[in-house]
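Notes follow once the structure below has been shown.
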Amino acid sequence: YYFALCFLWLMSPTLSYRFSELLETHAVNTYGQFIDENEEILKTLPPPYTAVEYYSFGSTDPYYSEFQTSAVSSGKELRRP
């Protein structure tokens with residue numbers, strides 16, 4: 001996919017962009033359809049461990065703690081990841 005778009009970009013950047021946009025739109029529509037069709041099943045599944053860890057304990061991003069400490073020192077509200 002990547003190399004095909006690179007080759008297409010060499011021929012026509014506009015065409016390459018439009019093709020990429022079509023693929024992304026198709027992906028969004030497909031994921032949305034999957035969620036709509038399987039909503040009840042997905043609600044019964046437990047969240048992945050990494051998601052629980054991320055939202056419970058904060059990000060492992062090294063800049064996350066820097067952002068939080070700068071927010072506290074400037075009087076801003078803490079932002080959840």
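Model, not experiment: these values are computed from the prediction.
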Mind checking the CH2-OG1 spacing from W9 to T14? Nearest 0.5 Å is all I need. 10.5 Å

Roughly how far, to the nearest 0.5 Å, is the OH atom of Y31 from the CG atom of D36? 15.0 Å

Under a 4.5 Å side-chain heavy-atom rule over Ile, Leu, Val, Met, Phe, Trp and Tyr, are L15 and F7 clustered together? yes

Of all heavy-atom pairs between L5 and S20, which one has the smallest distance, and what is that distance? CD1-CB, 4.0 Å

Would you check if L23 and H26 make a side-chain contact, meaning some heavy-atom pair closer than 4.5 Å? no

Quick one: pull up CD in E21 and OG in S16 and give me the separation to the nearest 0.5 Å. 11.5 Å

In the single-linkage hydrophobic clustering (I, L, V, M, F, W, Y; side-chain heavy atoms under 4.5 Å), do Y17 and M11 co-cluster? no

d(L42 CG, I35 CD1) to nearest 0.5 Å is 7.0 Å

Point-to-point distance, once rounded to the nearest 0.5 Å, from CD of E39 to OG1 of T44: 11.5 Å

